[in-house]
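To start, the structure under review is shown below, and the notes come after it.
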Amino acid sequence: MAYRETSLWNELNELRCLLAFKKLESLGFPRGKQSEFSRHISQKSGLEVGNISAKICNYKSVAGVNNESNASVNTKQLYSQYGHKSIAELEELITLHERA
């Protein structure tokens, strides 16, 4: 996957958003939880809360939960590669990325 050098977006932050989507899905998309997850990811990543929330919405679209969106090629590719993984598997993958 290709990310701009000047961007804070990378595979780790994409995976964090995918994990947030998976958790939201497992909880039935409760009101307010996406904002909570977005704030948590923002603190770890330095990305803006609104950008993270939009990325989570892109995962909803790619997964067919929401209408079509302007999801990036990276988001579509990452979902294709990791969207089938469980929450536990994604958490393990994120931990490996954080240690690298």
Side-chain angles (χ1 to χ4, degrees):
M1 284 177 258
Y3 297 93
R4 290 183 310 202
E5 283 187 33
T6 58
S7 173
L8 294 175
W9 283 108
N10 53 39
E11 189 166 319
L12 172 59
N13 290 328
E14 287 268 2
L15 285 168
R16 287 171 172 158
C17 291
L18 175 58
L19 175 61
F21 160 72
K22 292 287 234 173
K23 286 181 176 181
L24 288 167
E25 183 179 46
S26 74
L27 296 170
F29 301 103
R31 190 177 283 293
K33 206 66 162 159
Q34 182 167 326
S35 295
E36 179 184 322
F37 289 151
S38 296
R39 283 190 301 275
H40 180 71
I41 295 168
S42 176
Q43 291 170 349
K44 287 185 167 193
S45 68
L47 291 160
E48 295 291 327
V49 173
N51 292 340
I52 294 165
S53 185
K55 180 67 74 173
I56 294 169
C57 285
N58 286 339
Y59 278 109
K60 288 179 181 177
S61 295
V62 171
V65 175
N66 281 355
N67 293 329
E68 288 278 324
S69 71
N70 292 326
S72 70
V73 171
N74 290 334
T75 298
K76 291 175 184 175
Q77 185 177 1
L78 199 124
Y79 184 80
S80 175
Q81 189 172 357
Y82 299 113
H84 66 281
K85 293 205 176 279
S86 69
I87 289 171
E89 290 171 320
L90 286 172
E91 288 173 335
E92 185 176 323
L93 188 59
I94 289 167
T95 298
L96 291 173
H97 274 75
E98 289 173 337
R99 290 181 182 161

Practice task
With the side chain counted from C-beta on, respond yes when Trp9 and Asn74 share a heavy-atom pair under 4.5 Å apart, and no when they do not.
Solution key: no
Exercise for the section: Measure the CG-CG distance between Leu93 and Leu12 for me, rounded to the nearest 0.5 Å. Expected result: 9.0 Å
Handout entry: 4.5 Å side-chain heavy-atom contact, Lys60 and Gln34
Key = yes
Exercise for the section: Report whether Val62 and Val65 are members of the same hydrophobic cluster (ILVMFWY, side-chain heavy atoms less than 4.5 Å apart, transitive linking). Expected result: yes
Handout entry: CD1 on Ile56 to CD1 on Ile41, rounded to 0.5 Å
Key = 4.5 Å
Handout entry: Asn13 side chain near Arg16 side chain, heavy-atom distance below 4.5 Å
Key = yes
Handout entry: Glu36 backbone acceptor or donor facing His40 side chain under 3.5 Å
Key = no
Pairs under 3.5 angstrom only: tabulate donor-acceptor contacts from the side chains of residues 20-32 to other protein residues two or more places apart or in another chain.
residue : atom : partner : partner atom : Å
Lys22   : NZ   : Gly83   : O            : 2.6
Lys22   : NZ   : Lys85   : O            : 3.2
Ser26   : OG   : Lys23   : O            : 2.8

Handout entry: Over 12 foreign heavy atoms within 6.0 Å of CD, Glu92
Key = no
Handout entry: Contact check, side chains of Tyr82 and Glu89, non-hydrogen atoms, under 4.5 Å
Key = no
Exercise for the section: Determine whether Ser38 and Lys55 make a side-chain contact, defined as any pair of heavy atoms from C-beta on separated by less than 4.5 Å. Expected result: no
Practice task
Please test Tyr59 against Leu78 for side chain to side chain contact (heavy atoms under 4.5 Å, CB included), starting from the C-alpha separation and ending with a verdict.
Solution key: CA-CA 10 Å; Tyr59 278 109; Leu78 199 124; 3.3 Å; yes
Completion exercise
Nearest heavy-atom approach of Ile52 to Cys17 is CG2-SG, 3.8 Å
Problem - Side-chain H-bond candidate by donor/acceptor type, Tyr3 with Glu11, under 3.5 Å - result: no
Exercise for the section: Name all residues meeting the side chain to side chain contact (heavy atoms under 4.5 Å, CB included) criterion together with Ser69; count only those two or more places apart in sequence or in a different chain, and write none if there are none. Expected result: Asn58, Ser61, Ala71
Exercise for the section: Please examine the side chains of Ser35 and Val49, heavy atoms only from C-beta on, and report whether any two atoms are closer than 4.5 Å. Expected result: no
Fill in the blank from the handout: CG (Leu15) and CD1 (Ile94) are apart, to the nearest 0.5 Å, by 5.5 Å
Completion exercise
CG (Asn70) and OG1 (Thr75) are apart, to the nearest 0.5 Å, by 11.0 Å
